[in-house]
There are 2 protein chains.
Amino acid sequence: MLNRIIMGDCVAAMDALPEKSVDLVFADPPYNLQLGGDLRRPDGSMVDAVTDDWDRFDSFADYDRFTRDWLRAARRVLKDDGALWVIGSYHNIFRVGAAVQDLGYWILNDIVWRKANPMPNFKGTRFTNAHETLIWAAKTPEARYRFNYRAMKALNEDLQMRSDWVLPICSGAERVKLDGVKAHPTQKPESLLYRVLLACTEVDGVVLDPFLGSGTTGAVARRMRRNWIGIERDAGYAAVAAERIAAVEPMDTADLEATMSARAAPKVPFGALVEMGMVTPGTVLTDLKRRYRARVRADGSLQLGRDSGSIHRVGAAAQGAPSCNGWTFWHLEQRGKLVPLDAMRQQYRERTAE
Amino acid sequence: MLNRIIMGDCVAAMDALPEKSVDLVFADPPYNLQLGGDLRRPDGSMVDAVTDDWDRFDSFADYDRFTRDWLRAARRVLKDDGALWVIGSYHNIFRVGAAVQDLGYWILNDIVWRKANPMPNFKGTRFTNAHETLIWAAKTPEARYRFNYRAMKALNEDLQMRSDWVLPICSGAERVKLDGVKAHPTQKPESLLYRVLLACTEVDGVVLDPFLGSGTTGAVARRMRRNWIGIERDAGYAAVAAERIAAVEPMDTADLEATMSARAAPKVPFGALVEMGMVTPGTVLTDLKRRYRARVRADGSLQLGRDSGSIHRVGAAAQGAPSCNGWTFWHLEQRGKLVPLDAMRQQYRERTAE
DNA sequence: CGCCATCCTGAATCACATT
DNA sequence: CAATGTGATTCAGGATGGC
């Protein structure tokens, strides 16, 4: 039952699963965009809009029925201490949020995904729609939901992770394509799922995605050694997702150990580079003279023998020095050349600059 | 009726106002926070939570009734091209947003106010709640709402203003206090209202706030020379707001002139330039790369091969594009340099300004 | 190989006045 | 009310190609 795609309607599929069997539901339902005619950029080119049938609903009432049905089914399969994540935009998220509350879930946070590179408003009629909203909810107000506070803090310069996350949209090599054409119109970035799963699940936990689409949830879950269940109605999408997920190499178990102690938390946003996939967990870093070798773990900490912690701490420990600037000390090999972490940080800053 | 505080229930007060008399409603309704017991900081000190009676509702149904009542009353007093702004947090904003949609308003954007200095989550059980959400909605999908696009772009270093706004919370000298104690628990920063009013109103427009509280909306409206109506149930808050607003010095009218949108500029037919002798019949116009050449005819039409017509039509035909702005596409040569027609139009406007 | 210019694209509720 | 004409309007990231 685990780690496979169920074809078909998500409500029926969830109803067929045993109750209280899932740790986390991550859902990216249709947004009910209600777009008008064509839209052209100022240069005359056409915007490739989401006009698929699966995003068409007759009315708000229709959409609400659909929403409540799947939310109810999801709540049944969730363990009592499990949690729900839903993503949406202003077109649908208010209806979804109200339904979440009405069905007895307890909202823990709303999270804003601030897109580093959103599509502009071409006609100058509104504000650039530069974010999407996620809702994180427990099954009940009393539930003892999982929140890996330390791992989140480690990922964020040793500061509490905030409710606004700056991440790029999914593009470039990460975007799944078929014959050069995007395989799914709304593929989510893996960095987003990485943060959600790192925050709210543990290794071997069960993650269910009722609207699997291109399979981002399954791919990240497999990479992070979580069990996954994906439900998808469209055979084409399911095939894309299956192939994509099968190609994922799970991370090394050791690298996945999210550090839970304050001591090991890195003081720098090196974790953000890991999250973005700019540095993969398990990567071996060396100094310029290749005397020391340290492994990158899932939350952005390093491990060298018995020493673990931030890139600075481990660098200092390796040399027996009182302190060390990990950004300039550690390097990784790219095409046979040693690149300092500092260069990666520079790239990161450019990609997430406001 | 304008520029004063109405004491009492906001629904009754709005129902007593003439319909279609208000340009903008800005509302900061009770959030229905549902706080449990007291919240303490790690050092044992107590967090001053919002536990006032006005923020207590018996159930979601109660809160929904309340929300729909005031949203309906607000919609009646709004002019057809007026707009609504509401601010809230995850506790209430989903219910508010669903009601906004159900009542026929048309959501234009949701805006995230990203707090520069939010209160941390002291227990480390959730993400730092670092933002609030605003909804901007027109009265109907067809409404021609006001959006000062240019002014927003100017405010953002000449880039489109995005849907995520980074602003500090209200503190320091701006925070209204009585005997050293904050006069209102949820006073909003003036910077937030400033941006909303600059984006969506004009000088002498009418702004209504059904939950005036400490009076931020009135204070900023007065400063920006907008008319305001504030409704407040609590006599204490009303007194605070009245005093605060009265102390505001309206800005100098000259400083208030915001960048005007090109759409608002008077329309100029190309023929008028020919008529004025600014462009002579027979002049050859080219695009910037000198790929196309068109002749100006006596009636202000262009000719390019077999195509003839307006500057826009011929520009579009030349490129094989569906449309074209002839003002920026076509240029004429003056002293060896290519000058866009748009520059000539600007000259024309200046010469005919009186 | 590096650098620069060019091109493509992304969950988008995307104009308005006159005839 | 529908059709037509004018004319306003874009940001960042990644890929590609030329020199």
Side-chain angles (χ1 to χ4, degrees), chain A residues 28-52 54-57 60 87-93 113 115-133 168-175 177 180-182 184-189 213 335 337 347 350-354, chain B residues 101 105-110 136-138 140-142 144-145 147 149-150 153 156-163 261-265 267-271 309-313 315-316 322-330 341-342 345:
Chain A
D28 181 10
Y31 287 9
N32 188 22
L33 285 189
Q34 309 178 63
L35 301 179
D38 289 341
L39 178 64
R40 287 175 184 277
R41 299 184 179 80
D43 66 5
S45 65
M46 193 99 84
V47 174
D48 183 16
V50 178
T51 52
D52 307 69
W54 49 254
D55 198 43
R56 288 220 186 95
F57 294 85
F60 282 134
I87 183 167
S89 67
Y90 68 84
H91 309 84
N92 71 324
I93 198 66
W113 167 28
K115 299 181 184 182
N117 46 347
M119 186 163 75
N121 179 292
F122 296 115
K123 307 290 190 189
T125 56
R126 305 182 180 190
F127 297 96
T128 308
N129 196 1
H131 73 276
E132 294 188 22
T133 302
I169 60 177
C170 178
S171 69
E174 189 186 326
R175 191 92 197 194
K177 296 193 176 166
V181 179
K182 61 186 175 190
H184 193 282
T186 70
Q187 185 181 340
K188 295 293 174 289
R335 292 176 222 140
K337 292 207 304 196
Q347 282 177 32
E350 283 159 15
R351 287 167 67 173
T352 57
E354 287 173 50
Chain B
Q101 291 179 314
Y105 289 98
W106 191 246
I107 297 182
L108 299 168
N109 275 118
D110 61 334
W136 174 35
T140 64
E142 304 78 27
R144 289 176 0 201
Y145 56 89
F147 180 51
Y149 176 74
R150 286 286 182 201
K153 193 168 172 175
N156 192 40
E157 296 180 336
D158 249 1
L159 290 178
Q160 274 193 354
M161 185 68 80
R162 299 167 41 116
S163 58
S261 90
R263 248 178 226 128
K267 194 171 282 190
V268 177
F270 177 64
S310 74
I311 54 173
H312 314 295
R313 181 207 282 279
S323 71
C324 167
N325 182 343
W327 291 110
T328 49
F329 181 72
W330 294 112
L341 288 187
D342 209 32
R345 178 169 63 165

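In what follows, every chain begins at residue 1, and chains take the letters A, B, ... in the order their sequences are listed. The basis for the numbers below is simple: all heavy atoms, side chains too, and nothing from hydrogens, waters or symmetry mates.
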Remember a base hit wins even if backbone is also touched, and classify [X] as base, sugar-phosphate or nothing at under 4.0 Å, heavy atoms.
X	value
Cys324(B)	base
Lys188(A)	base
Thr186(A)	base
Asp28(A)	base
Val181(A)	nothing
Pro118(A)	base
Arg40(A)	nothing
Pro29(A)	base
Gly37(A)	base
Trp54(A)	base
Ser310(B)	sugar-phosphate
Leu39(A)	base
Ile107(B)	base
Arg162(B)	nothing

[atom1] atom, [N] versus [M]: distance in rounded Å?
N	M	atom1	answer
dC14(C)	dG7(D)	P	23 Å
dT16(D)	dC1(C)	C1'	16 Å
dC1(D)	dC16(C)	C1'	15 Å
dA11(C)	dA15(D)	C1'	23 Å
dT10(D)	dC8(C)	C1'	13 Å

DNA chain C: 5'-most and 3'-most nucleotides touching chain A, 4.0 angstrom heavy-atom criterion |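 Nucleotide range in contact with chain A: dT9(C) to dA15(C).
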Note on DNA chain D: ranges paired as stems (three or more Watson-Crick/G-U pairs in a row, both atom distances under 3.5 Å) are C:2-10 with D:11-19, C:15-19 with D:2-6
Kindly give the heavy-atom pair with the smallest separation between [X] and [Y], and that separation in Å.
X	Y	value
Arg162(B)	Lys115(A)	NH2-O, 3.0 Å
Phe122(A)	Val47(A)	CE1-CG2, 3.6 Å
Asp55(A)	Leu33(A)	OD2-N, 3.0 Å
Gly326(B)	Leu341(B)	O-CD1, 3.9 Å
Leu108(B)	Tyr90(A)	O-OH, 3.6 Å

Starting from [atom2] on [N], measure out to [atom1] on [X] and report it in whole angstrom.
X	N	atom1	atom2	value
Phe329(B)	dA8(D)	CZ	C1'	16 Å
Arg41(A)	dC11(D)	CZ	C1'	11 Å
Asn121(A)	dT10(D)	CG	C1'	9 Å
Asn156(B)	dC11(D)	CG	C1'	11 Å
Glu174(A)	dA12(D)	CD	P	21 Å
Arg126(A)	dT10(D)	CZ	C1'	16 Å
Lys123(A)	dT10(D)	NZ	P	11 Å
Arg345(B)	dT6(D)	CZ	P	13 Å

Is the base of dT13(C) syn or anti, where syn means the angle lies within 90° of 0?
->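 The base of dT13(C) is oriented syn (glycosidic angle within 90° of 0).
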Separation between NZ of Lys123(A) and CG of Leu39(A), rounded to the nearest 0.5 Å =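 Between atom NZ of Lys123(A) and atom CG of Leu39(A) there are 6.0 Å.
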Rounded distance (nearest 0.5 Å) linking atom CG of Leu159(B) with atom OG1 of Thr128(A) | 8.5 Å
Mapping Arg144(B) and Gln101(B) onto DNA chain C by nearest heavy atom, which one lands closer to the 5' end?
->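 Result of the comparison: Gln101(B).
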Taking for each residue the nucleotide of DNA chain C with the nearest heavy atom, is it Thr125(A) or Lys115(A) whose nucleotide lies nearer the 5' end?
->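 On the 5' side of the pair lies Lys115(A).
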If you find the nucleotide of DNA chain D closest to Ala173(A) and the one closest to Phe122(A), which residue's nucleotide is nearer the 5' end?
->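 The residue whose closest nucleotide sits nearer the 5' end is Phe122(A).
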DNA chain D: Phe270(B) or Gln160(B), which has the more 5' nearest nucleotide?
-> Phe270(B)
Contact under 4.0 Å: His312(B) side-chain N or O vs dT6(D) OP1/OP2 = no
Donor-acceptor pair between Glu132(A) and Ser89(A) side chains, under 3.5 angstrom | no
Using only heavy-atom distances, determine whether the side chains of His312(B) and Ser310(B) contain a donor-acceptor pair under 3.5 Å.
->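 Short answer, no.
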Please say whether more than 12 non-hydrogen atoms of neighbouring residues, nucleotides or ligands are located less than 6.0 Å from CZ in Arg175(A).
->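 Yes.
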Report the residues that fulfil side-chain contact (heavy atoms from CB on, under 4.5 Å) with Arg40(A), sequence neighbours left out, ordered by chain and then residue number.
->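 side-chain contact (heavy atoms from CB on, under 4.5 Å) check on Arg40(A) returns Met46(A), Pro322(B).
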Parallel under 30°, tilted from 30 to 60°, perpendicular over 60°: which one fits the rings of Trp136(B) and Phe147(B)?
->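 Trp136(B) and Phe147(B): tilted rings.
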